[in-house]
Protein chains: 2
Amino acid sequence: MSLRHAVLGLLAHGPASGYDLLKTFEGSLANAWPATQSQLYGELNKLADSGYVTVAAEGPRGRKEYAITEAGRAELHHWITEVEPERVRRSDMLLRVFFLDLVERREALDYLRREAEGAAERHAAFAELALVVDSTDDPLAEHGRIALEWGLRFTKMQQEWAEWAQRRLG
Amino acid sequence: MSLRHAVLGLLAHGPASGYDLLKTFEGSLANAWPATQSQLYGELNKLADSGYVTVAAEGPRGRKEYAITEAGRAELHHWITEVEPERVRRSDMLLRVFFLDLVERREALDYLRREAEGAAERHAAFAELALVVDSTDDPLAEHGRIALEWGLRFTKMQQEWAEWAQRRLG
DNA sequence: CTGTACATGTAATACGTTACATGATTCA
DNA sequence: TGAATCATGTAACGTATTACATGTACAG
């Protein structure tokens with residue numbers, strides 16, 4: 001049910017076409033809620049049917065510019081402030097850990113080493129992004145920066161955990 | 001595609017019925033890969049069709065005890081050691097953070113406070129579990145303990161992040 | 001005038017959740 | 001004998017991924 005709220009959240013900042021929104025979903029938002037082109041266009045039509053968005057303008061090449069309605073804003077506000085975030089998360093990375101006793105110790109250590117390295121790489125990428133964000137004094141980037149901080153801390157935690165696990169197993 | 005590997009991983013430790021497996025999916029494994037009864041029974045039939053498991057014995061009340069085959073073990077080993085874990089994760093908790101500029105500052109701080117509190121609670125629950133696990137010298141619990149450590153570190157990170165975010169916003 | 005970017009849509013397939021449906025065994 | 005537990009299966013619905021399908025506008 002969250003794709004609809006992701007779309008509403010973006011449209012709450014200003015009108016946009018499905019194509020515009022797609023760029024955002026491929027960018028920063030991909031870290032919180034990835035979505036495909038197919039999904040997006042379908043969701044926009046459903047949102048329009050429900051009255052949460054309207055086609056505010058039509059442009060060249062069949063472009064449809066969507067705008068959020070009052071009902072859409074109300075639904076979005078309700079979702080942000082009153083709906084409990086979903087705690088269930090699947091992790092096939094962690095799932096493998098449960099079964100590491102089924103492979104050679106060498107293979108298990110290799111697995112954890114790759115996890116640590118991958119986490120370190122993703123951390124470095126986030127850190128670079130943070131440098132850029134921090135050097136611009138754009139107040140609109142404030143919440144993106146808080147989400148980015150989550151990524152920084154998560155990847156760091158993941159790396160440290162994988163290193164700890166290697167020491168414990170090794 | 002990971003439910004099948006979760007099932008294979010459990011059966012690699014010994015034969016079990018769908019009903020048996022369900023208990024495990026409701027327990028420790030729920031933190032890494034939750035699954036419903038409906039999904040499980042369906043997957044077991046598919047795995048049997050593919051030759052990854054066989055019905056090793058039948059018991060009272062239509063009970064079917066499944067056992068992993070050599071092909072199943074090979075597939076499981078391949079998955080653990082060679083298949084790259086999926087990095088894409090959706091988080092509606094993080095998604096809301098991107099849109100926190102759309103609500104009152106008071107509401108945004110409330111949201112982060114609730115996140116911090118929830119993380120602290122989940123951390124405490126994990127910590128209690130860790131005490132139990134650490135006091136038993138069961139070598140089989142070793143990998144479960146490593147997964148548990150991930151939960152411990154994740155919830156701690158989440159709490160600290162939410163507190164940091166409150167200070168930054170407030 | 002041609003390639004690239006813009007722009008939207010549908011179909012097939014798989015995965016996941018909830019609810020429904022049914023029945024056998026055990027134990028108090 | 002009635003309730004709890006054991007035990008499996010199906011159906012409906014929603015969401016996600018991939019591929020297919022089509023056409024317009026603009027810039028070089």
Side-chain angles (χ1 to χ4, degrees), chain A residues 1-8 10-11 15-27 29-50 52-66 79 83-84 86-92 95, chain B residues 1-8 10-11 15-27 29-30 32-50 53-66 79 83-84 86-92 95:
Chain A
M1 283 295 291
S2 287
L3 174 62
R4 79 181 327 130
H5 298 109
V7 171
L8 287 175
L10 293 180
L11 290 179
S17 68
Y19 194 84
D20 294 337
L21 295 175
L22 189 58
K23 303 297 155 187
T24 314
F25 273 97
E26 285 167 348
L29 220 60
N31 294 302
W33 205 272
T36 61
Q37 176 258 34
S38 189
Q39 240 183 311
L40 246 180
Y41 285 110
E43 192 62 46
L44 280 167
N45 283 320
K46 275 190 236 162
L47 282 167
D49 288 346
S50 314
Y52 291 142
V53 306
T54 50
V55 178
E58 305 208 21
R61 284 171 287 200
R63 175 188 174 93
K64 290 194 266 182
E65 201 164 67
Y66 291 92
W79 176 76
V83 179
E84 170 82 356
E86 185 63 61
R87 300 293 165 204
V88 189
R89 47 182 92 254
R90 292 181 164 80
S91 166
D92 65 329
L95 185 58
Chain B
M1 284 296 291
S2 287
L3 174 62
R4 77 180 328 129
H5 298 108
V7 171
L8 288 174
L10 293 179
L11 290 179
S17 69
Y19 194 84
D20 293 338
L21 295 175
L22 189 57
K23 302 297 156 189
T24 314
F25 272 98
E26 284 167 350
L29 220 60
W33 205 271
T36 61
Q37 176 258 33
S38 188
Q39 241 183 312
L40 245 181
Y41 284 111
E43 192 63 45
L44 281 166
N45 283 321
K46 276 190 233 162
L47 282 167
D49 287 347
S50 314
V53 305
T54 50
V55 178
E58 305 207 19
R61 282 172 286 202
R63 176 188 173 93
K64 290 193 266 182
E65 200 164 66
Y66 290 93
W79 176 76
V83 178
E84 170 82 357
E86 185 63 61
R87 301 294 164 203
V88 189
R89 47 180 93 257
R90 292 183 164 79
S91 167
D92 65 329
L95 185 58

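The basis for the numbers below is simple: all heavy atoms, side chains too, and nothing from hydrogens, waters or symmetry mates. A, B, ... follow the sequence lines: proteins, then strands. Residue 1 opens every chain.
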Open item on the list: Let me confirm one number: the CG-CD distance from A/Leu21 to A/Glu26, rounded to the nearest 0.5 Å.
Closed with: 11.5 Å

Task: Reported CG-to-NZ distance for the pair A/Leu29 and A/Lys23, which is rounded to 0.5 angstrom - done: 14.5 Å

- [ ] To the nearest Å, give me how far apart CG (B/Leu40) and P (D/dG9) are.
- [x] 11 Å

Task: Nearest atoms (heavy-atom pairs only) where A/Met1 meets A/His5 - done: O-ND1, 2.9 Å

Open item on the list: Between P on C/dG9 and CG on A/Asn45, what's the gap in Å once rounded to a whole number?
Closed with: 5 Å

TODO: In whole angstrom, give the distance that lies between atom CG of A/Leu22 and atom P of D/dA16.
DONE: 15 Å

- [ ] Measure the distance from NZ on B/Lys64 to P on D/dA7 and round it to the nearest whole Å.
- [x] 13 Å

Task: Shortest non-hydrogen separation from B/Asp92 to A/Ser2 and the atoms involved - done: CB-OG, 3.4 Å

TODO: Nearest whole angstrom, please: distance from the P of D/dA16 to the CD of B/Glu86.
DONE: 14 Å

TODO: With DNA chain C as reference, determine whether A/Arg63 or A/Gln39 sits nearer its 5' end, using the nearest nucleotide of each.
DONE: A/Arg63

When the side chains of residues 32-45 of chain A are checked against the rest of the protein, which donor-acceptor pairs come out under 3.5 Å, sequence neighbours left out?
| unit_1 | atom_1 | unit_2 | atom_2 | d |
| --- | --- | --- | --- | --- |
| A/Thr36 | OG1 | A/Gln39 | N | 3.4 |
| A/Gln39 | OE1 | A/Thr36 | N | 3.4 |
| A/Tyr41 | OH | A/Tyr19 | N | 3.4 |
| A/Asn45 | ND2 | A/Tyr41 | O | 3.3 |

Tabulate atom names and distances for all N/O pairs under 3.5 angstrom spanning the protein and nucleotides 19-28 of chain D.
| unit_1 | atom_1 | unit_2 | atom_2 | d |
| --- | --- | --- | --- | --- |
| D/dA25 | O4' | A/Arg61 | NE | 3.4 |

TODO: Return no unless some side-chain N or O of B/Arg90 is found under 4.0 Å from OP1 or OP2 of D/dT17.
DONE: yes

Open item on the list: Measure CG/A/Leu44 against P/D/dT15 and give the value in whole Å, please.
Closed with: 14 Å

Open item on the list: Distance check needed: D/dT17 P versus B/Arg89 CZ, whole Å only.
Closed with: 14 Å

TODO: Please state whether the phosphate of C/dG9, meaning OP1 or OP2, lies under 4.0 angstrom from any side-chain nitrogen or oxygen of A/Tyr41.
DONE: no

Using atom types as modelled, flag every donor-acceptor pair under 3.5 Å from a side chain in residues 53-64 of chain B to any protein atom, sequence neighbours excluded.
| unit_1 | atom_1 | unit_2 | atom_2 | d |
| --- | --- | --- | --- | --- |
| B/Arg63 | NH1 | B/Ser17 | OG | 3.3 |
| B/Arg63 | NH2 | B/Asp20 | OD2 | 2.7 |
| B/Arg63 | NH2 | B/Glu65 | OE2 | 3.2 |

Task: Under-4.0 Å side-chain N/O to phosphate OP1/OP2 contact, A/Lys46 with D/dG14 - done: no

Task: Nearest atoms (heavy-atom pairs only) where B/Ala6 meets B/Phe25 - done: CB-CZ, 3.7 Å

Open item on the list: From CE of B/Met1 over to P of C/dT13, roughly how many Å is that when rounded to an integer?
Closed with: 16 Å

